[in-house]
Amino acid sequence: MNAKEPEKHVFHLVTDKLNFGAMNMWFLLNPPGDATIHVENVDDFKWLNSSYCPVLKQLESAAMKEYYFKADRPKTLSAGSSNLKYRNPKYLSMLNHLRFYLPQVYPKLNKILFLDDDIVVQRDLTGLWEVDLNGNVNGAVETCGESFHRFDKYLNFSNPNIAQNFDPNACGWAYGMNMFDLEEWKKKDITGIYHKWQNMNENRLLWKLGTLPPGLLTFYKLTHPLDKSWHVLGLGYNPTIERSEIDNAAVIHYNGNMKPWLEIAMIKYRPYWTKYINYQHSYIHGCKISQ
């Protein structure tokens, strides 16, 4: 809706076999204007198997199943909440780790813009394709305005493999709106670098779980900082974001627990999302989403 030339846009979506039929049908019945939608089923990617992909091998291991499903009960409430965070089903989903295989998923593309599912695009993004990444692979907005978004927040610097290879004060960056140069990705074997670190983290000694920590390692010194107005974060947890900052942002990101479609959403941020919802649609009606 906010693209200047929507007919030139192709949205590539990957889902699982459970949702593949429904997602295809949704876009057949609700086409996004002149843009093109390309939906794929992750289960059709036969190359994505445990012999090639370390995280799949780890998810199938007895130790990981023990960690997720048979772990001892926490002795304190705070320990319980911490553990619960890492038992979120998204960490078990291969769809969450697919971001490290973009050249394999889309072998004919030279560049791709990666978008999370809890973002709203407020203005045309084609300018991102003209940004010079200066030989880097990842274009992302940095998040180290506060000290707690530096590398030492995400990684275990008591481990020599981390301490000897990375700067604890290096600036973190955001997943959610990333420009990836897939040609440079292939030249620098980014997926191979990711595999190396993921294999080393089999016992979760370098980082706990998730995709941002291995992303920080994999794209270390290969990330070009984008202007902050491209991607404003925190609408799912931070009540103090300036309205002007949100209004001027190309992309706003409801990262955090307070998603705009949930009752716990922050009311003042919800209209930036709800303005795009067709509340007359029968399916939306059934969802009972607050306006």
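Note that these values count all heavy atoms, side chains included, but never hydrogens, waters or copies made by symmetry. This structure is a prediction, so every number in the text was calculated from the model and none was measured.
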**OP:** Give a yes or no answer on whether the side chain of K228 reaches the backbone of E142 with a donor-acceptor pair at less than 3.5 Å.
**Re:**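 Yes; at least one donor-acceptor contact below 3.5 Å.
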Original post:
Between N199 and E202, is there a donor-acceptor pair closer than 3.5 Å when you use the side chain of the first and the backbone of the second?
Top reply: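 A pair under 3.5 Å: no.
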Kindly indicate whether the side chain of [X], heavy atoms from C-beta on, has any atom under 4.5 Å from the side chain of [Y].
{"X": "I277", "Y": "W273", "value": "yes"}
{"X": "I246", "Y": "Y269", "value": "yes"}
{"X": "V105", "Y": "E40", "value": "yes"}

Assess the pair [X] and [Y]: is the distance between their ring centroids shorter than 6.0 Å?
{"X": "Y106", "Y": "H12", "result": "yes"}
{"X": "F151", "Y": "Y220", "result": "yes"}
{"X": "H224", "Y": "F219", "result": "no"}

**OP:** Return the orientation label for the Y194 and F100 ring planes: parallel under 30°, perpendicular over 60°, tilted otherwise.
**Re:**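 Parallel.
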**OP:** Could you label the plane-to-plane angle of the Y52 and W47 rings as parallel, tilted or perpendicular, counting under 30° as parallel and over 60° as perpendicular?
**Re:**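 Correct class here is perpendicular.
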**OP:** Enumerate the residue pairs fulfilling side chain to side chain donor-acceptor pair (under 3.5 Å) with a member in residues 155-165, sequence neighbours excluded, ordered by first and then second residue.
**Re:**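 Counting only pairs at least two positions apart or across chains, the side chain to side chain donor-acceptor pair (under 3.5 Å) contacts touching residues 155-165 are N156-S158, N159-N161.
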**OP:** Mind checking side-chain contact (heavy atoms from CB on, under 4.5 Å) for D189 and listing every partner two or more places apart, or none if nothing turns up?
**Re:**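 D189: no side-chain contact (heavy atoms from CB on, under 4.5 Å) contacts found.
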Subject >> More than 12 heavy atoms of other groups within 6.0 Å of K8 NZ >> reply: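 12 or below, so no.
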Original post:
Would the number of heavy atoms belonging to other residues, nucleotides or ligands and lying under 6.0 Å from NZ of K57 be above 12?
Top reply: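 Not buried by this count: 12 neighbours or fewer within 6.0 Å.
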Atom pairs and distances, side-chain donor-acceptor, residues 172-183, under 3.5 Å, sequence neighbours left out:
residue: N178; atom: OD1; partner: G176; partner atom: N; Å: 3.0
residue: N178; atom: ND2; partner: N138; partner atom: OD1; Å: 3.3
residue: N178; atom: ND2; partner: A174; partner atom: O; Å: 3.1
residue: D181; atom: OD1; partner: E183; partner atom: N; Å: 3.0
residue: D181; atom: OD1; partner: E184; partner atom: N; Å: 3.0

Subject >> Criterion side-chain contact (heavy atoms from CB on, under 4.5 Å) against W185, the qualifying member of L222, T191, N110 >> reply: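 Among the candidates, only T191 passes.
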Original post:
Would you say the side chains of D247 and Y272 form a donor-acceptor pair under 3.5 Å?
Top reply: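 Their side chains do contain a donor-acceptor pair, which is all the 3.5 Å distance test asks for.
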Subject >> Cluster link I264 to W261, ILVMFWY, side chain under 4.5 Å >> reply: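 Linked, I264 and W261 end up in one cluster.
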